Visitor: 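One structure is given below, represented as structure tokens, and several questions about it will come after.
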Amino acid sequence: MARISNYSTVTLWNTKIKQALKQNQLHKPLILFSQMKQLGIQPDNLTFPFVAKACGELRNLNNSEIIHTHVVKSPYRSDKYVQTSLLDMYVKCCSIDCAYKLFDEMSERDVASWNVMLSGFCQMGFWSRVVGLFSEMRLGGVEADSITIIGLVQLGCLVRDVRFVSSVHCLGMVVGVEVDVKIGNTLIASYAKCGDWDSAEKVFDGIGFDCLTVVSWNSLIAGCAYVGKSVESIGLYRMMLSHGYRPDGGTILNLLTLCDQDGALNCGKSIHSHGIKVGCNKDMSVLNTLISMYSKTGDVRSARNIFDAIKEKTRVSWNAIIGCYAERGDLDEAMALFRSMEASGHKPDLVTALYIISGSGKIGALETGRWIHSYVVLNKFHSNLVVSNALIGMYAKCGCMTLAREIFNTMHEKSIVSWTTIISGYALHGELKEALDHFELMLELGLTPNHVTFLSVLQACNHAGNLNKGWEYFYLMAIVYNLSPEIEHYSCMADLLGRRGKLKEAVEFVQNMRIRPDAGIWGALLSACKIHRNIEIGLYAAERLLAIEPQVGAPYVEMANIYASVGRWDGVSKMRTMMKNNQVTKYPGQSVVQVNGKTHTFTVEGRCHTADVLIYETLDGLNLQLQEKFDSAFIEEMVFLP
DNA sequence: GTAGGGTTAG
């Protein structure tokens, strides 16, 4: 009798727990679990997976460990379903070591447990362990299923390796997993994100009209939006509607990613209102993406309004709003929200930490940076690839190359991003030799540099004033690596030429570019003209700059400075009049730095910081040293000239 | 019991 009563009671509790999970009330399962323990009701092989799921979703390691202990004490300790759910729980909490220990000790492992372990290594960025584990799995006679294939395709997509994606595609067919619509959908988005649009369309066409789902269309739109084809994405969306498909949250979400930069606010707003029309404004993922969209387009108020209006905020909602402030350099507000997130019972996770790390780097807040670093270590996120990369970048930006290097050297696995980050760190500090040594070492290890890596190398050359090395790598990129230079690479070279006083060559270089020059490149030339007091080329650059951005004050001021530096006061007043006539106002640029938890603001040419005259004395000293360093770099390069 | 949105380099 007692057993029957326990059975029906457990079922009742399980239903309650399941319902709470479904409604995204993630704290409830744990409360219910402890209540039933108090009442003496024994949880069963369904209770544990549900509660484990909640712990995983909450990224709460402490609770996860408690649940694990309960499982060990229960009769279900060797149940493979229960064990797999624990595995997933640890993976979600970033405790890859705990997960692997559990996995290693499992007596019976099926394809689901392998899949969880694979996704765990994938999430940590341990690519070679994913590949190793996969071959181990096949050697052990466990057949891959569609979820394995989907996971591997996503890995290929993550590392942007189209060859990897297509080999997994073939493998999927060889292994005998029928290429079902879910694999197809993943392949569409992955091929597109790796830049292989033809293959993406081929997979889409191959699915067959009867099997196509909304998700297939979503994947195609996502891929299209990812590579920045906004017009085509909207076209695909129209086509989807005309074929009678009803958009879901995912569709709106993918369209929203089209509006990820300043100036795209109107586009974002219209998609938002369209989302409301098709009834997706209650969808949590849409709401969270809306926060990000408004944040990225610069409308902080709207982002905050949406966040404040969400009743049941999720971890992702908190992350989105914290990211909003951190990305804009408002670290104080981001940290305040971080505390509120903790107070609300949501544990800040890896993504929260990433936002705080990058925000700290952005404004040079070393103290907050160090604090979040310790938080990351405490919560065992530190061995994650993305987190390590972010930490390296943060320390480099805060001026601590020693710490940046220490993290770099002790990393579990390094990606092209890790190498690029350390190179750009050295570039930032003007350490050309270190930057180039790391670049060469990276090549020796067989990694292929991409356009960002080359940009960092060029910036290192630029900051060190080494024109010869600059040309060397500019051509290496184009000829050996077949990467056509982008506007940033051209800008960097033009800047380098200009700073070295080769203004005529710089202008010719810009005129012969394969891309249309932008405001940045003319601005770089203009400031080079300021350094070398060249009115003729300065005026040429200023004219081009004003043709692109007529309402920006900087070119007038720069030109006025050039005139002033050679005593042409007529020119100075001409510029002032032009500014007045064109109703242009110039806001002085500012820089921000955090010291002892206090944020200090500095204005261009301003000497009004209240702290100390010492600051300005030090700055003057630094300027002198910089001048000397620049001169010696110039001499150094002269020695190498034929 | 696995798969999804949000994240790192300029």
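Naming: A, B, ... by sequence-line order, numbering from 1 per chain. As the structure is a computational prediction, the values presented were derived from the model and not from experiment.
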Visitor: From the list B/dA3, B/dG1, B/dT7, which nucleotide is the closest neighbour of the side chain of A/P49?
Guide: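 Nucleotide nearest to A/P49's side chain: B/dG1.
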Visitor: May I ask you to decide if A/C157's main-chain N or O and A/R160's side chain share a donor-acceptor pair within less than 3.5 Å?
Guide: yes
Visitor: Between A/L350 and A/A112, who's closer to the 5' end of DNA chain B by nearest nucleotide?
Guide: A/A112
Visitor: Quick check for you: among B/dG10, B/dG6, B/dT8, whose closest atom lies nearest to any side-chain atom of A/L354?
Guide: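 So the side chain of A/L354 is nearest to B/dT8.
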Visitor: In whole angstrom, what separates A/L287's CG from B/dG4's P?
Guide: 21 Å
Visitor: Looking for any heavy atom pair under 4.0 Å, which part of the strands does A/V316 touch: base, sugar-phosphate only, or nothing?
Guide: base
Visitor: Heavy atoms under 4.0 Å, any strand shown: does A/A320 hit a base, just sugar-phosphate, or nothing?
Guide: nothing
Visitor: What is the distance, rounded to the nearest whole Å, between atom CG of A/N384 and atom P of B/dT7?
Guide: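 Distance, rounded to whole Å: 14 Å.
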Visitor: Any cation-pi pair here, A/R129 with A/F134, using under 6.0 Å and within 45°?
Guide: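 Not satisfied by the 6.0 Å and 45° rule.
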Visitor: Can a donor-acceptor pair be found between the side chains of A/T453 and A/T420 at a distance below 3.5 Å?
Guide: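 Yes, A/T420 and A/T453 have a side-chain donor paired with an acceptor closer than 3.5 Å.
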Visitor: What is the distance, rounded to the nearest whole Å, between atom CE of A/M117 and atom P of B/dT2?
Guide: 15 Å
Visitor: With no angle test and no hydrogens, is the base of B/dG1 tied to the side chain of A/D79 by a donor-acceptor pair under 3.5 Å?
Guide: no
Visitor: Among B/dT8, B/dT2, B/dA9, which nucleotide sits nearest the side chain of A/K397?
Guide: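 My answer, after comparing the listed nucleotides, is B/dA9.
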Visitor: Base, sugar-phosphate, or nothing for A/K53, non-hydrogen atoms under 4.0 angstrom?
Guide: sugar-phosphate
Visitor: Would A/M341 and A/T352 satisfy side chain to side chain contact (heavy atoms under 4.5 Å, CB included), going step by step from the backbone distance to the final call?
Guide: CA-CA 10 Å; A/M341 178 180 183; A/T352 333; 3.9 Å; yes
Visitor: What's A/T314 touching, base or sugar-phosphate or nothing? Going by heavy atoms closer than 4.0 Å.
Guide: nothing
Visitor: Out of B/dG1, B/dG6, B/dT2, which has the shortest distance to the side chain of A/N115?
Guide: B/dT2
Visitor: Between A/E333 and A/R304, is the closest basic N to carboxylate O distance under 4.0 Å?
Guide: yes
Visitor: What nucleotide, of B/dA9, B/dG10, B/dT7, holds the atom closest to the side chain of A/T420?
Guide: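 When the side chain of A/T420 is considered, B/dA9 is the closest of B/dA9, B/dG10, B/dT7.
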Visitor: Nearest to the side chain of A/Y355, heavy atoms from C-beta on, is which of B/dG5, B/dG6, B/dT2?
Guide: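 So the nucleotide nearest the side chain must be B/dG6.
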Visitor: Hey, is the main chain of A/R77 close enough, under 3.5 Å, to the side chain of A/Q83 for a donor-acceptor pair?
Guide: yes
Visitor: Tell me whether the guanidinium CZ or amine NZ of A/K193 lies under 6.0 angstrom from the six-membered ring centre of A/Y226 and within 45° of its axis.
Guide: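 Yes, a cation-pi geometry.
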Visitor: Could you check which residues of residues 82-90 of chain A get a heavy atom under 4.0 Å from DNA chain B? Sort them by number, please.
Guide: A/T84, A/D88
Visitor: Regarding A/L253, tell me which of base, sugar-phosphate or nothing describes its non-hydrogen contacts under 4.0 Å with the strands shown.
Guide: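 Touches sugar-phosphate only.
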Visitor: Side-chain donor or acceptor of A/N450 under 3.5 Å from a matching atom on the base of B/dA9?
Guide: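 Pair found.
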Visitor: Looking only at side-chain atoms of A/V351, point me to the closest of B/dG10, B/dT7, B/dG1.
Guide: B/dT7
Visitor: Across the strands shown, which category fits A/K414 at heavy-atom distances under 4.0 angstrom: base, sugar-phosphate, nothing?
Guide: nothing
Visitor: Please give, in whole Å, the distance from B/dG1 P to A/E108 CD?
Guide: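 A/E108 atom CD is separated from B/dG1 atom P by 17 Å.
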Visitor: Rounding to an integer number of Å, can you tell me how far A/Y226 OH sits from B/dG5 C1'?
Guide: 15 Å
Visitor: Answer yes when A/E105 and A/K101 have at least one side-chain N-carboxylate O distance shorter than 4.0 Å, and no when they do not.
Guide: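 Counted as a salt bridge, because a side-chain N and a carboxylate O are separated by less than 4.0 Å.
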Visitor: Over all strands shown, is A/D349 touching base, sugar-phosphate only, or nothing at heavy-atom distances under 4.0 angstrom?
Guide: base
